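Report on one structure; see the data block that follows.
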Amino acid sequence: MVKMRWYFVFFLVSGFCSLVYEVVWLRLAMAAFGVTTPIVSLVLSAFMGGLGLGSWLAGSLLHRRLRAISAPAALRLYALTELLIGVSGLLVQYQLAWGHLLLEGTVKSIPWESSAYYVVSGAWIGLSLVPWCACMGATFPFVMAAIRGTSGTESQRSFSYLYVANVLGALLGTLFSAYLLIELLGFRGTLEVTTTLNGLLAAAALAASLSLAPSGVSPATVSEEVSPRRLYGLPEPGVLVLLFMTGLVSMAMELVWIRQFTPYLGNVVYAFAMILAVYLVATSQGSRDYRSWVRSHDPKETALMWAVLGLLALVPLATADPMLPVPQGHFTLGVVRVAVGIVAFCALVGFLTPAGRAYAVNVAGSIVGPLLAGFWLLPWVGERWALIGLSLPLFAAGVLAASRVNSSVTTQAGARFKTRFRFGLGALLAILLVSMTHGYEQRFSEHEVRRDYVATVIATGTGFHKLLLVNGVGMTHLSPDTKFMAHLPLAFLTSPPKDGLVICFGMGTTFRSMSSWGIRSTAVDLVPSVPAAFAYFHPDAPEIMRSPLTRIVVDDGRRFLDGSTDRYDVITVDPPPPTAAPTSSLLYSREFYAIVKQHLRPGGILQEWLPKTGADAATLASVAKALRQSFPYLRVFESVEGIGFHFLASMEPIPPTSSADLAARLPRAAAADLVEWSPESTAEQQFQDVLTRERSVESFEAKDPRVPALEDDQPINEYFFLRDEISYYR
């Protein structure tokens, strides 16, 4: 006889592994297909769809084979699903990488910004994730069948008991993967851990099935579900609509929250993990509370709760308000913002949508929600109005439920007045919450806002005090440093350049400076709205873009190089800040530098910018080691504003050159561009200022001798929690 505590362990570990996979797969999918909101939505929808599909298929199998499947057989099916889930830890990373190769190879003609790109990438993500997630979804029905076949009516209590174990495991998996395991072990090491755990689970379940004695109880004679007819006091069709809507709204809001809270939690993966952890705990507790509450209350009493849910949906407008007098850049305070913003909402969502197989329609809504938010709401109206729009169906549900209750002949006039008063008060509070909170763009008196499927882009400021923000994060300002990103490597070339490439457009300053050399200049940026703001920062942008020598490409910089055969004299890279931005490591890794070398002409130079902000000792050392191991010749200069470093890397020597010689190599237009914003009056003086700031590569490596060179599998810069919060060093 398998004791219940062993089932608890099974589901604790199973939940842990499943959520580790979700966190890691999300990051790997972004690396393969792009750091965009639609990619996040596709991963979330594939994950939810797979879970729902697996649960439905397993339940259908058990229902059709009711008499044929014994408790030991059900437990062996569970062992098989755990084994298959473990296999996914080995294969999915390669499946996603193959999808990347597919898009850059056989279908590389598909533009990055096209809907066709997301159709193809979404289909591949679905093929890569859904089958394995279906195995995850099948685990619960198989184990419950085994318990029912041996414990009879005890399975009613078992469902809640194991649901708690699964949620607890999922919580631990979410937090451990994002905040511990990836930083310690890298992606492959983390997946190896979970694969091993799944294998051990499969072996333990198989061994347990051999000693399992069936009690003769039919596997389906006990149900853990609350009948849909008892929910909300509504007819079943109305219940199904509400369940679909809550799944859609809650998962769509999860995507909006990720965008809202990322500036306060460091990067997208940390924001996703923290929001998911809060969501899991709060909704599961709310679901358990409903099971107790419904035994002693009339379901019709939930009418007002829908309006309260709509009001709580708006609370993140306040906690994510950029004008809130709370310091930014502090992780703990970021967690507080998230908790205060979404805990109450998530708990009430769980209360109003208790768990059970009858709620497959809720899963359907959970699939549609991220797609709706990622492909429509966020690109069209942004985070603030997306959240407001998503709250409206909740208020409407409250009004409809209340009107049904009030239409009852037994409802007294006083009760109807009380209900109307409460709804009116809730509506007033919602209006106040919307009117008194602010979006990111409202911080600035003069600005332009552009939205697309990737980000909300704000261009703000006047004169020399202009700023570019992407999803609330400051990207860059008008600075001579961004001019040097082009002029410094171009001037160090020993022969006149012909072609240059700028990866990451920013304000377009580096691209503008490169074009002043009169060479073929190409710029690549992931976010369509970023190059669209070029003219806001530089009045001569239209003239530059009319030149037959200039070209702007909307694409992922690394993907662009992967699919190109062009070669350049200079490639300059300015990864998006902060240094810990998601997948920024893909522009600092040894694998990226191997790609860059294939696109540099003989004697060509890579300029890699590394800002000081957010770059701790481990990051500085790791990037320096990756460059040194990739290029035999490397020089480093601190920038003129002292805010970062220019790494110049080449396969051929970069000889010492005087400031006079560097200045002499500049065409007249380039020399004028270099001193446009300079405190110095001549190009020679500008170069002299930089040359005096040269630093040794060894000084960077010595900042943390133990840290490895940055690789795709170990993004040192992106995962920093242990280093920042508990001073952990490798």
Side-chain angles (χ1 to χ4, degrees), residues 24-35 39 90-105 108 112 121 128 182-183 185-192 267 269 501 503-504 524 526 555-568 571-576 579-600 604-610 615 618-634 647-651 697 700-701 707-720 730:
V24 174
W25 291 346
L26 172 65
R27 171 56 175 74
L28 295 179
M30 289 193 295
F33 303 108
V35 193
I39 293 299
L90 300 175
L91 292 186
V92 168
Q93 55 187 316
Y94 299 108
Q95 289 178 274
L96 294 173
W98 295 334
H100 172 78
L101 293 175
L102 171 71
L103 282 169
E104 76 177 39
K108 64 182 179 182
W112 168 269
S121 59
S128 301
I182 297 173
E183 186 173 353
L185 305 174
F187 297 119
R188 280 194 297 270
T190 299
L191 291 173
E192 287 169 2
N267 63 34
V269 175
L501 173 66
I503 295 179
C504 302
V524 183
L526 177 73
D555 202 343
D556 175 83
R558 183 160 165 173
R559 176 182 183 268
F560 173 80
L561 285 177
D562 276 335
S564 170
T565 58
D566 295 337
R567 304 183 79 186
Y568 305 91
I571 297 177
T572 179
V573 186
D574 179 13
T579 312
T583 72
S584 60
S585 60
L586 298 176
L587 298 178
Y588 286 124
S589 67
R590 290 200 305 175
E591 291 85 351
F592 173 64
Y593 298 142
I595 297 169
V596 167
K597 287 188 287 187
Q598 300 172 16
H599 293 275
L600 283 175
I605 295 176
L606 164 70
Q607 187 280 162
E608 180 79 88
W609 169 255
L610 181 60
T619 297
L620 292 170
S622 187
V623 171
K625 290 178 182 180
L627 282 162
R628 176 178 273 252
Q629 293 177 18
S630 302
F631 294 91
Y633 302 99
L634 184 63
F647 285 80
L648 302 187
S650 180
M651 298 303 293
V697 179
F700 286 87
E701 294 178 339
V707 73
L710 200 150
E711 299 179 346
D712 286 352
D713 184 60
Q714 287 203 301
I716 304 298
N717 60 315
E718 291 183 43
Y719 293 87
F720 50 83
R730 292 171 181 271

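Just so you know, these numbers come straight off a predicted model, no measurement behind them. Residue numbers start at 1 and run along the sequence shown.
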>> Please determine whether side chain to side chain contact (heavy atoms under 4.5 Å, CB included) holds for the pair Arg27 and Phe187, giving the CA-CA distance in whole Å, both sets of side-chain angles, and the decisive distance to 0.1 Å.
In response: CA-CA 9 Å; Arg27 171 56 175 74; Phe187 297 119; 3.3 Å; yes
>> Between Leu191 and Val92, does the side chain to side chain contact (heavy atoms under 4.5 Å, CB included) criterion hold? Intermediate values first, please.
In response: CA-CA 10 Å; Leu191 291 173; Val92 168; over 6 Å; no
> Given the rule in the side chain to side chain contact (heavy atoms under 4.5 Å, CB included) test, do Leu600 and Ile605 qualify, once you have shown the distances and angles that lead to the verdict?
Replying inline: CA-CA 7 Å; Leu600 283 175; Ile605 295 176; 5.9 Å; no
> Would Asp556 and His100 satisfy side chain to side chain contact (heavy atoms under 4.5 Å, CB included), going step by step from the backbone distance to the final call?
Replying inline: CA-CA 12 Å; Asp556 175 83; His100 172 78; 5.8 Å; no
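One finds the CD atom of Gln95 at 11.5 Å from the CG atom of Leu28 (value rounded to the nearest 0.5 Å). Separating the CG atom in Leu627 from the OH atom in Tyr588 is a distance of 9.5 Å, to the nearest 0.5 Å. Once rounded to the nearest 0.5 Å, the distance linking CG of Asp574 with CD of Gln607 reads 7.5 Å. Remark: Phe33 CZ to Leu103 CG distance equals 6.0 Å, nearest 0.5 Å. From Tyr719, atom OH reaches atom OG1 of Thr619 across 13.5 Å, with rounding to the nearest 0.5 Å. For the atom pair Thr190 OG1 and Gln714 CD, the distance stands at 9.0 Å (nearest 0.5 Å).
Every residue two or more places apart in sequence or in another chain was checked for a ring-ring contact (aromatic ring centres under 6.0 Å, His included) with Tyr568, and none qualifies. The side-chain hydrogen bond (donor to acceptor under 3.5 Å, both in side chains) search around Arg590 returns Gln629, Glu711, not counting sequence neighbours. Checked against ring-ring contact (aromatic ring centres under 6.0 Å, His included), Phe700 has the following partners two or more places apart in sequence or in another chain: Phe645, Phe647.
In the model, Asn717 has no side-chain atom that pairs as donor or acceptor with a side-chain atom of Thr579 under 3.5 Å.
The two residues Val707 and Ala621 make their nearest non-hydrogen contact at CG1-CB, 3.5 Å. Summarising the geometry of Leu634 relative to Arg628, their closest heavy-atom pair is CD2-N, 3.9 Å, with the distance given to 0.1 Å.
Residue-environment remark: CZ (Arg188) stays at or below the threshold of 12 foreign heavy atoms within 6.0 Å.
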